[in-house]
Number of protein chains: 2
Amino acid sequence: MFSKSCEYAFRALIYIGLCSQKGEKTSLKYIAENIDSPQSFTAKILQKLSKANILVSEKGANGGFIITQEKLQTTRLYDVVIVVDGDKIFTGCALGLVKCNSEKPCPLHYSFLEVREKLRKTMLHTNLEDMVNGASDGSSVLRL
Amino acid sequence: MFSKSCEYAFRALIYIGLCSQKGEKTSLKYIAENIDSPQSFTAKILQKLSKANILVSEKGANGGFIITQEKLQTTRLYDVVIVVDGDKIFTGCALGLVKCNSEKPCPLHYSFLEVREKLRKTMLHTNLEDMVNGASDGSSVLRL
DNA sequence: TATAATTCGGATAAAAATGTCCGAATAATA
DNA sequence: TATTATTCGGACATTTTTATCCGAATTATA
Ligand code: FES
Ligand code: FES
């Protein structure tokens, strides 16, 4: 459904969120370890999220990544997907027509709209805090 | 959502279905032209669909591809996705955990299940005939 | 039988996604 | 100030996906 980059982004943000809620800054090394992702590749994704102002990075010794409570509450998974994967999944045609539109719908258009809207609503209504809370109350996990 | 291969597969099957319903056999050349896809790449996909017994290919001069009425009715989009893209989209974890399961759910698991199930049901309930009918009654198109 | 039109299958190429490496910049701290 | 731990950013490498090419096999038909 989502690219690996996006999956890593989700997991990293949740982990950073967990730390930030405990007032802890965390570094790339620990992030990658805890979400089971390739370290250098994860670095690129964090840079992107940082430039998109979803998280804050601090350089130098004792540096690392944090995410503010405000961002935890206001950042929806939708925003993360847009930053990392773009909007194709929310707007693209199921059959790959250059543009999905109801004027000239493809044969799957109306059924597919429902799926896409379901996805869109889910991603719009879930913010990072929801995910972090799920992970911190033990009802869900970040790695197997 | 789906790979390009899968998108081409959908479009090709619909076009072949349209021809087959008119009792016409059609060839790679016309398929690629009508669905606006790269010819040789489309060939590979058709071979795969042919091996999966979703369509019938005939070699030699005046050869081409046909799909039986029976297959049009019994083949669901779900089956096409499984053949071309595998089952990842129907079973994979939203966060990329190695296995999605409700015993050890990721923080998005239950919300994501709903999206995935919506997609799964849509693809299970739509067969090729539905798509072909939409395209033949003029209510939808295969290319822009 | 010869020719032409077609699918088949393997090799190769190009592009995109994923992943790694390294030196520079930065900042804490000894 | 020197060292150390860290992010940044660019270059590079690998893998996967997408795309092309070509010769062989097949079959209708002239
Ligand atoms: S036109 Fe294909 S999904 Fe809308
Ligand atoms: S465990 Fe992640 S979607 Fe089920």
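In what follows, every chain begins at residue 1, and chains take the letters A, B, ... in the order their sequences are listed.
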(message) Base of D:dG10, side chain of A:Lys44 - is there a donor-acceptor contact under 3.5 Å?
(response) yes

(request) Take B:Asn62 and A:Asn62, find for each the nucleotide of DNA chain D with the closest heavy atom, and name the residue whose nucleotide sits nearer the 5' end. (result) A:Asn62

How many whole angstroms separate atom [atom1] of [X] from atom [atom2] of [N]?
X	N	atom1	atom2	result
A:Leu46	D:dT6	CG	C1'	13 Å
A:Met1	C:dA17	CE	P	18 Å
A:Phe41	C:dA16	CZ	C1'	11 Å
B:Gln47	D:dA24	CD	C1'	13 Å
A:Glu7	C:dT18	CD	C1'	12 Å
A:Phe65	C:dT26	CZ	C1'	13 Å
B:Leu49	C:dT7	CG	C1'	14 Å
B:Lys59	D:dA25	NZ	C1'	7 Å

Report which part of the nucleic acid [X] touches: base, sugar-phosphate, or nothing (heavy-atom distance under 4.0 Å, all strands).
X	result
A:Gln39	nothing
B:Lys29	nothing
A:Lys51	sugar-phosphate
A:Leu28	sugar-phosphate
A:Tyr30	nothing
B:Ser40	base

(request) Between C:dA4, C:dT18, C:dT7, spot the one nearest the side chain of B:Ala61, thanks. (result) C:dA4

(request) Looking only at side-chain atoms of B:Tyr8, point me to the closest of D:dA19, C:dA4, C:dA28. (result) D:dA19

(request) Using heavy atoms to find the nearest nucleotide of DNA chain C for B:Thr26 and A:Phe2 separately, return the residue whose nucleotide is more 5′. (result) B:Thr26

(request) Report the residue (B:Gly60 or A:Asp85) whose heavy-atom-nearest nucleotide on DNA chain C is the more 5′ of the two. (result) B:Gly60

(request) State plainly whether the residues B:Glu117 and B:Arg120 are in salt-bridge range, i.e. N to O under 4.0 Å. (result) yes

(request) Decide whether B:Thr126 and A:Ser111 meet the rule of one side-chain donor and one side-chain acceptor closer than 3.5 Å. (result) no

(request) Would you give the length of the straight line joining atom OG of B:Ser57 to atom NZ of B:Lys51, rounded to the nearest 0.5 angstrom? (result) 10.0 Å

(request) Would you check if B:Leu13 and B:Val132 make a side-chain contact, meaning some heavy-atom pair closer than 4.5 Å? (result) no

(request) Examine D:dT7: is either OP1 or OP2 under 4.0 Å from a nitrogen or oxygen in the side chain of A:Ser50? Give yes or no. (result) no

(message) Please determine whether a side-chain nitrogen or oxygen atom of A:Ser5 lies at a distance below 4.0 Å from atom OP1 or OP2 of C:dT18.
(response) yes

(request) Taking the six-membered ring for Trp and the full ring for Phe, Tyr or His, determine whether the centres of B:Tyr15 and B:Tyr30 are under 6.0 Å apart. (result) no

(request) Specify the closest pair of heavy atoms between B:Ser20 and B:Ile66, including all atoms of both residues, with the distance to one decimal. (result) OG-CA, 3.5 Å

